[in-house]
Engineer: 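What follows is a single structure, and I will ask about it in a moment.
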Amino acid sequence: MKGIKGAGYPAIVLLAGVISAVVWVIVLDYVYELTPTGLVQALSSGMLGAAGASFGALVLMLVAKPDQRKLDQVAHDARHDALTGLPNRAELFRVLDASIIEANRADMVLGVLFLDLDRFKMINDSMGHEVGDEVLRIVGERLRSTIRNSDVVARLGGDEFVVLCRDLMSPDSVVAMAQQILKRFKEPVALNGQDYRIGTSIGISIAHPGKDRLADDLMRDADAAMYRAKETKSGFAVFDDEHRLQVMDRMDIERDLQHAFDRQELVVYYQPIVDVDARSLYGFEALVRWNHPTKGLLGPGAFMRVAEDAGLMARLGEFVLREACAQAAVWNHISPAAQEVKMSVNLAEQQLVDTSLPRRVADVLSWAGLNPHQLVLEITEDVIVDHLGGLDTLRELRDLGIDLSIDDFGTGQSSLGYVKQFDMVTGLKIDQRFVRDMRSGEADRAIIEAVLAMATALDMRVVAEGVEYEDQLKELQRLGVSLMQGYLFNSPVGADLIDPTIWFPTPTTDPSQLGPEAVGQGFARSGAARAAANVGLAAGGSERLSAP
Ligand code: C2E
Ligand code: MG
Ligand code: MG
C-alpha cells in the first residue's frame with residue numbers, strides 16, 4: 001500500500017496505458033488489417049497516449065498530495081491534544097479498548113493511572129493561562145520521559161492525564177510506575193526564573209487477565225481512586241473491592257440526595273462559639289445534617305463530596321443559608337440580645353464561583369430581615385486559594401457588611417504570607433487538627449503562636465475549633481485565644497434544643513454579670529449538654545467528652 005502511494009500511481013497508469021495501447025493496436029490490426037507503417041504509427045500514438053496519461057496522473061498526484069497531507073494532519077489532530085501533542089480522550093479510549101483485548105490474549109496485567117495535578121488551578125489563576133499551559137506541556141513531557149515504550153500517556157483535558165501501563169506481569173509493577181511518577185513530580189518546574197512545585201494525585205485501576213473489564217469501568221474506577229488519593233493526601237490509591245462498595249454507596253447517596261431537598265430531609269444544626277474571656281456566647285455555626293430515611297442522621301462527611309460531584313452544593317449551601325438566617329431572625333425576635341450573636345454559615349466552592357452570590361446572599365438577608373453584620377461566611381483556605389478569581393466576589397460580600405472568615409486554617413496549601421492578599425477577610429478559624437495535636441506536639445503550639453501573631457498583625461479575629469478538653473482551653477487561653485468552639489462546650493444541636501430565653505441574655509441582664517453559669521445553663525438546657533457546660537471554667541478534670 002505504501003509503495004503504491006509514492007511514485008507507483010503514474011507507473012501503474014503508464015503500464016495500463018501501454019497494455020491498452022497494445023490491445024487497441026491488435027484490435028485495429030484485426031479489423032483493418034493495417035500495413036506495417038500503419039501498425040508502427042498506431043503503436044507509437046498509443047504509446048504516446050499512455051505516456052501522456054501517466055504524466056497527467058503524476059501531475060494530478062502532485063497537486064493532490066498536499067491535500068492528502070492535510071487530511072493526515074486533520075486525522076492526527078482529531079486524535080491528539082493540541083497543547084501537549086499527547087493522545088486525547090478519544091484516542092486513549094481507542095488504545096485502551098485494544099489494550100484490554102491484547103492483555104487478555106497475552107495473559108498480562110493492564111494498569112490505568114489517572115492523574116490530577118495538585119494546585120494547578122491556583123497557578124493558572126494567579127500566574128495566568130500562559131504559565132498554566134507551559135506547566136501542562138512540561139508535565140506532559142515529564143510523563144512521556146518517565147513511562148516505558150510500551151506505555152501510553154494521554155491528556156484527558158484540564159489538568160488530567162492518564163497513563164496506560166501495558167504488558168505487565170503483576171499489579172506491583174503498576175504501583176511501582178505510580179511511585180516513579182510521583183518521584184518525578186518532586187522535582188520543581190522552573191518557569192520564568194521561578195521554581196514551581198507541581199504535585200499530583202494518582203488513582204489506579206487494574207485489569208487482571210481473564211477478567212472482562214470495560215474501558216469505561218477501568219477509567220471510572222481509576223478516577224474514583226484518584227479522589228481517594230486526593231482526600232487522603234496519600235499520593236496514589238488503588239481501586240479495590242471495598243472501594244467498589246463505597247462507589248455503589250455513593251451512587252445510592254447521589255440518587256437519594258436529589259430527593260432530599262423536596263422531602264425536607266435536610267436539617268441545620270447549630271454549634272455555639274463561645275467567648276471564653278468575656279464568658280459569653282459569641283455566635284453559632286450552622287452545620288448541615290441529613291435525616292436519611294434508612295441510614296439515619298448523616299453528617300456532611302457522608303454526603304458532601306457526592307453533593308459536590310453532583311453539582312448540588314450551591315443548592316445545599318443556599319438552603320443552609322436561608323435556614324440559618326431565618327433561625328437567627330426568629331431568635332432576634334424572641335430576644336433582642338440575640339442580635340449581638342453572630343451566625344456563621346459555611347460557603348462551598350460551587351457557591352464562590354458564582355458571581356451572583358453577593359446578590360443571592362443579600363436577597364436571603366432581606367427576605368429573613370437579618371442585619372448583614374450578624375452573618376459570618378466561612379470559606380476554607382483551599383477554596384479561597386483555588387479561586388483567587390473569587391476574591392472580587394468576597395470583596396462584594398464584605399462591602400455588604402458581612403464578616404468573612406477563613407475556615408480550617410493551617411490545613412490548606414497557602415502560606416501565611418498569602419493571607420495578606422485576603423484583606424477582605426476579617427477572621428480565621430484555626431483547624432481542629434492543631435488544637436487536637438497541641439497536647440502532644442510542641443510544634444503545633446508554635447504554629448498556633450505564629451498564626452496568632454499574624455492574625456494580630458492583620459487585625460483578624462481568631463476562633464479555635466475542636467476544643468474538647470479543659471487543658472486545651474487553658475492553653476489556648478494562655479496563648480491569647482478567646483473565641484472557641486468544640487465538644488467541651490457543646491456539640492451541634494437542632495434549633496429546637498436551643499432555648500432562646502436561656503441562651504440569649506435579656507436586655508435587663510448586666511453583661512458583666514454573665515458568668516459561666518449563665519452560658520452553662522444554656523448548654524445544660526440544650527439537651528446535648530456536657531459536664532463541662534460551665535464553659536470549662538469551673539474546676540474540673542480534662543476527661544474526654546463524648547462526641548455526638
Ligand atoms: P467545619 O466548618 O470546620 O465545622 C466544624 C466541624 O467540626 C463540624 O463537623 C463539627 O461538628 C465538628 N466539631 C465541632 N466541635 C468538635 C470537637 O470538639 N471535636 C471534633 N473532633 N469535631 C468537632 P461537621 O458538622 O461534621 O462538618 C464537617 C464539615 O463539613 C464542616 O467543617 C464544613 O466544612 C462542612 N459543612 C458542614 N455544613 C456545611 C454547609 O452547610 N455548607 C458547607 N459548604 N459546608 C458545610
Ligand atoms: Mg466551618
Ligand atoms: Mg473548620
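Basis for what follows: all heavy atoms, side chains included, without hydrogens, waters or symmetry-related copies. Atoms within a ligand are numbered from 1 in the order they appear, just like the ligands themselves.
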Engineer: Identify which one of Leu370, Leu400, Asn371 satisfies the side-chain contact (heavy atoms from CB on, under 4.5 Å) criterion when paired with Leu365.
Structural biologist: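 Answer after filtering Leu370, Leu400, Asn371: Leu370.
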Engineer: Before accepting this row, confirm whether a basic side-chain N of the pair Arg220/Asp217 lies closer than 4.0 Å to the acidic partner's carboxylate O.
Structural biologist: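 The answer is yes: the pair qualifies as a salt bridge.
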Engineer: Considering just N/O/S atoms, say which atom of Glu285 is closest to the Mg ion (ligand 2).
Structural biologist: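 In Glu285, the N, O or S atom with the shortest distance to the Mg ion (ligand 2) is OE2.
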Engineer: Where do Asp403 and Thr426 land on the side-chain hydrogen bond (donor to acceptor under 3.5 Å, both in side chains) test, with the steps shown first?
Structural biologist: CA-CA 6 Å; Asp403 261 354; Thr426 43; 3.3 Å; yes
Engineer: Checking only N/O/S atoms, does Asp408 have one that is under 2.8 Å from the Mg ion (ligand 3)?
Structural biologist: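 It does: Asp408 brings an N, O or S atom closer than 2.8 Å to the Mg ion (ligand 3).
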Engineer: Can you tell whether the side chains of Lys230 and Asp118 come within less than 4.0 Å, N to carboxylate O?
Structural biologist: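 Yes, charged N to carboxylate O under 4.0 Å.
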Engineer: With a 4.0 Å cut-off on N to O distance, would you call Asp399 and Arg395 a salt bridge?
Structural biologist: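 Answer for the salt bridge query: no.
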Engineer: Between Lys474 and Glu470, is the closest basic N to carboxylate O distance under 4.0 Å?
Structural biologist: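 Counted as a salt bridge, because a side-chain N and a carboxylate O are separated by less than 4.0 Å.
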Engineer: Which of the numbered atoms in ligand 1 are below 4.0 angstrom from a heavy atom of Ala348?
Structural biologist: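 Taking each heavy atom of Ala348 in turn, ligand 1 has 44 (N) under 4.0 Å.
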Engineer: Can you list the ligand 1 atoms lying under 4.0 Å from a non-hydrogen atom of Glu468?
Structural biologist: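 Selected atoms, number and element: 17 (C), 18 (O), 19 (N), 20 (C), 21 (N).
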Engineer: Have a look at Tyr282 and tell me which of Lys342, Gln485, Arg461 forms a side-chain hydrogen bond (donor to acceptor under 3.5 Å, both in side chains) with it.
Structural biologist: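 With Tyr282 as partner, Lys342, Gln485, Arg461 yield a single side-chain hydrogen bond (donor to acceptor under 3.5 Å, both in side chains), made by Arg461.
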Engineer: Are Arg360 and Asp363 close enough for a salt bridge, meaning some N to O gap below 4.0 Å?
Structural biologist: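 No salt bridge links Arg360 with Asp363.
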Engineer: Is Pro492 close enough to touch ligand 1? Criterion: a residue heavy atom under 4.0 Å from a ligand atom.
Structural biologist: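 For ligand 1, residue contact (heavy atoms, under 4.0 Å) with Pro492 is present.
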Engineer: From the options Val320, Ile273, Thr380, select the one whose nearest heavy atom is closest to atom 41 (O) of ligand 1.
Structural biologist: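 Among Val320, Ile273, Thr380, the closest heavy atom to atom 41 (O) of ligand 1 belongs to Val320.
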Engineer: When you measure from the centre of the six-membered ring of Tyr227, is the NZ or CZ of Arg305 closer than 6.0 Å and no more than 45° off the axis?
Structural biologist: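 Judged by the rule (NZ or CZ under 6.0 Å from the ring centre, within 45° of its axis), Arg305 is not positioned above Tyr227.
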Engineer: N/O of Asn346 under 3.5 Å from N/O of ligand 1, yes or no?
Structural biologist: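 Indeed, backbone or side chain, Asn346 has an N or O that close.
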Engineer: So is Gly299 close enough to ligand 1, meaning a heavy atom under 4.0 angstrom away?
Structural biologist: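 It does not; every heavy atom stays at 4.0 Å or beyond.
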Engineer: Examine ligand 1 and decide if any of its atoms is less than 4.0 Å from a heavy atom belonging to Arg289.
Structural biologist: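 It does, in that a heavy atom of Arg289 comes within the 4.0 Å cut-off of ligand 1.
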Engineer: Given Glu465, Gln432, Gln350, identify the one with the heavy atom nearest to atom 6 (C) of ligand 1.
Structural biologist: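 The nearest heavy atom belongs to Gln432.
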Engineer: Indicate yes or no: does Lys295 engage Asp249 in a salt bridge with an N to O separation below 4.0 Å.
Structural biologist: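 Answer for the salt bridge query: yes.
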Engineer: Check whether any heavy atom of Lys429 sits under 4.0 Å from an atom of ligand 1.
Structural biologist: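 Contact absent.
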Engineer: I need the atoms of ligand 1 closer than 4.0 Å to a non-hydrogen atom of Leu347, numbered in the order shown.
Structural biologist: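 Answer for ligand 1: 44 (N).
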Engineer: For the Mg ion (ligand 3), what is the closest N, O or S atom on Asp407?
Structural biologist: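 Among the N, O or S atoms of Asp407, the one closest to the Mg ion (ligand 3) is OD1.
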Engineer: Are Arg315 and Asp262 close enough for a salt bridge, meaning some N to O gap below 4.0 Å?
Structural biologist: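 Answer for the salt bridge query: yes.
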Engineer: Where does Val467 meet ligand 1, judged by heavy-atom distances below 4.0 Å: at the side chain, the backbone, both, or neither?
Structural biologist: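 Near ligand 1, Val467 shows its backbone, while the atoms from C-beta on stay back.
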Engineer: Under a 4.0 angstrom heavy-atom cut-off, which atoms of ligand 1 come close to Gly486?
Structural biologist: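 Under 4.0 Å from Gly486, ligand 1 has these atoms: 15 (N), 18 (O).
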Engineer: Got an N/O contact under 3.5 Å between Met313 and ligand 1?
Structural biologist: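 It does not: no N or O of Met313 is found under 3.5 Å from an N or O of ligand 1.
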Engineer: Tell me, please, if Glu378 has any N/O/S atom, main chain or side chain, under 2.8 Å from the Mg ion (ligand 2)?
Structural biologist: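 Within the cut-off used here (under 2.8 Å), Glu378 does place an N, O or S atom near the Mg ion (ligand 2).
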Engineer: Quick one: which ligand 1 atoms are inside 4.0 Å of a heavy atom on Asp407?
Structural biologist: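 Selected atoms, number and element: 1 (P), 2 (O), 3 (O).
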Engineer: May I ask you to decide if the ring planes of Phe284 and Tyr270 are parallel, tilted or perpendicular, using 30° and 60° as cut-offs?
Structural biologist: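 Correct class here is perpendicular.
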Engineer: So among Gln472, Arg478, Gln477, which one has a side-chain hydrogen bond (donor to acceptor under 3.5 Å, both in side chains) with Glu475?
Structural biologist: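 Checked Gln472, Arg478, Gln477 against Glu475; only one passes side-chain hydrogen bond (donor to acceptor under 3.5 Å, both in side chains): Arg478.
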Engineer: Provide the number and element of each atom of ligand 1 under 4.0 Å from a heavy atom of Gln271.
Structural biologist: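 That gives atoms 10 (C), 14 (C), 15 (N) of ligand 1.
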Engineer: Do any N/O/S atoms of Asn346 come under 2.8 Å of the Mg ion (ligand 2)?
Structural biologist: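 Given the 2.8 Å cut-off, Asn346 counts as a ligand of the Mg ion (ligand 2).
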Engineer: Is it the side chain (CB and beyond), the backbone, both or neither of Glu285 that lies under 4.0 Å from ligand 1, heavy atoms counted?
Structural biologist: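 For Glu285, only side-chain atoms sit under 4.0 Å from ligand 1.
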